[in-house]
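Structure, as structure tokens:
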Amino acid sequence: MNATVIAPADSAPASPPAAAPEGAPVGAIANAVNSWFGLHARDLPWRRDGFGAWGVLVSEFMLQQTPVTRVIPHLEAWLARWPTPADLAAVPPGEAVRAWATLGYPRRALWLHAAAVEIAENHGGVVPEDVDVLLTLTGIGDYTARAVAAFAYGHRHPVVDTNTRRVIARCVAGQAEPAPPSRTRDLAAMDALLPADASAAAVFNAGAMELGALVCTSARPRCSDCPLAALCAWRAAGYPEYRGPKKTVQKQFAGSDRQVRGLILAELRSTRHPVTDAEITTLWPEPTQLARALAGLLADGLVTEVAQGAYSLPHE
DNA sequence: AATCCGTGGTA
DNA sequence: TTACCAAGGAT
């Protein structure tokens, strides 16, 4: 069943291509991806000329685990309201959590606000361009730091997200799915493919992600449309199924603490008045789980107790 | 290093 | 209907 789900629609070649993928020049992969990207890249807001480093940074926060189509409207509203880091830093974090709406993982809104404060206070209100500096900001990790440096500032760095990891796993390693993430290994693998020219490198970073998002997808990859088909080690090997460590399964959402936290936060977003314990009690039938969820939100700083048994989004 | 963290679309 | 999974990061 596993291989059935993953295996692409078109069949493997009867015999492996004469040119072994390992023998293909490294530059061939980047060349093919960049040519394809030039023809098929989606017209996304953050790819417009002059979109700005702040816009790129906000987009990357929003895109952490949330699909492109859900991000775009919120991103544009966000940037219209807070055109600079200082604009966001000037409002309470609860405003960011409220504007985040249903994008999910509301801690990201809190982290984005914290990053804006850090940029305003420590970096003159300008989004840093060095990876090492970006990494010091709240909510920015290995992916986002390099994405901002590469896409907003044109610096040459390997940018590795889940799409790129999958493309490399298949095309280079000949495996159906990537091994569990490894910072060192993943960055080295992408670095080995990266064009020397910074501009071409930035295109390749974006192109590999785009290819993984549109063609080299997790389920039902469209190999017949893939610019790397002739270079792909997974294809050449006849699409062997994944044999690595078992992927961790995401816990069921229904009935989870996540769901309860979401219900409480949705209630807090719906009003600017404090929400009382009595009102929160109506949101979920199990008091123990409800209390645990509320305690978690308080500990995370997503909720503030403004009076005994009354709660709101964080003020400061 | 494994687990936790929201929400909604899709097959 | 259920299961998968989507430009990750923090702990």
Side-chain angles (χ1 to χ4, degrees), chain A residues 1-2 4-6 9 41-42 44-47 55-75 97 100-112 114-115 134-152 158-167 177-183 186 190 202 205-214 216-221 242 245-269 292-293 295-297 299-303:
Chain A
M1 186 62 80
N2 214 343
T4 305
V5 172
I6 290 181
R42 289 170 292 181
L44 300 173
W46 45 92
R47 291 177 182 162
V56 170
L57 191 154
V58 173
S59 77
E60 295 298 348
F61 267 83
M62 290 185 170
L63 288 163
Q64 292 168 5
Q65 299 286 282
T66 299
V68 164
T69 54
R70 290 177 56 202
V71 161
I72 290 173
H74 287 97
L75 173 65
V97 174
W100 199 257
T102 58
L103 281 176
Y105 291 149
R107 295 196 287 201
R108 292 180 295 156
L110 220 45
W111 293 340
L112 176 53
L134 286 161
L135 283 170
T136 68
L137 300 177
T138 302
I140 293 190
D142 286 319
Y143 165 75
T144 304
R146 289 175 177 77
V148 170
F151 301 145
V159 181
V160 182
D161 79 328
T162 186
N163 291 304
T164 294
R165 283 169 20 79
R166 187 171 53 248
V167 169
E177 299 292 336
S182 157
R183 177 184 175 284
D186 295 342
M190 188 59 172
N205 280 316
M209 292 167 61
E210 189 81 338
L211 188 67
L214 299 182
C216 192
T217 49
S218 180
R220 300 177 177 281
Y242 179 67
K246 192 180 170 195
K247 286 193 291 187
T248 57
V249 201
Q250 194 169 10
K251 210 172 88 180
Q252 171 132 169
F253 180 69
S256 66
D257 284 5
R258 287 183 189 177
Q259 182 184 18
V260 183
R261 287 167 56 106
L263 290 171
I264 295 171
L265 220 46
E267 182 69 20
L268 287 164
R269 267 193 254 108
R292 185 170 66 237
L297 290 169
D300 290 345
L302 282 163
V303 172

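Just so it is clear: chains get the letters A, B, ... in the order the sequence lines come, proteins before strands, and each one is counted from 1. Everything numeric here is computed off the predicted structure, so don't read it as measured data.
- One atom, CZ of A:R108, and another, C1' of C:dG8, lie 8 Å apart when rounded to the nearest Å.
- Separation of the P atoms belonging to C:dA7 and B:dT10 is 14 Å when rounded to the nearest angstrom.
- We find that OH of A:Y105 is positioned 10 Å from C1' of C:dC5, with the value rounded to whole Å.
- The closest side-chain donor-acceptor pair between A:Y143 and A:Q64, if any, does not fall under 3.5 angstrom.
- For B:dG6, its base sits under 3.5 Å from the side chain of A:T66 at one donor and acceptor pair at least.
- Across all strands, A:D300 comes closer than 4.0 Å to no nucleic acid atom at all (heavy-atom distances).
- Atom CD1 in A:I72 sits roughly 17 Å away from atom C1' in B:dT7 (whole-Å rounding).
- When each of A:R269 and A:T248 is assigned the nucleotide of DNA chain B with its nearest heavy atom, A:T248 is the one assigned upstream, toward the 5' end.
- Nucleotides B:dT3 and C:dC4, compared at atom P, are 16 Å apart to the nearest Å.
- A sub-4.0 Å separation between OP1 or OP2 of C:dA7 and a side-chain N or O of A:R70 is absent.
- Side-chain nitrogen and oxygen atoms of A:Q252 include at least one within less than 4.0 Å of the OP1 or OP2 phosphate oxygen of C:dA3.
- No engagement by A:W100 is indicated, since no non-hydrogen atom pair under 4.0 Å with the nucleic acid exists.
- Atom name P, nucleotides B:dG6 and C:dT11: the rounded distance is 14 Å, in whole Å.
- In this structure, the CG atom of A:D161 is 15 Å from the P atom of C:dC5, given to the nearest Å.
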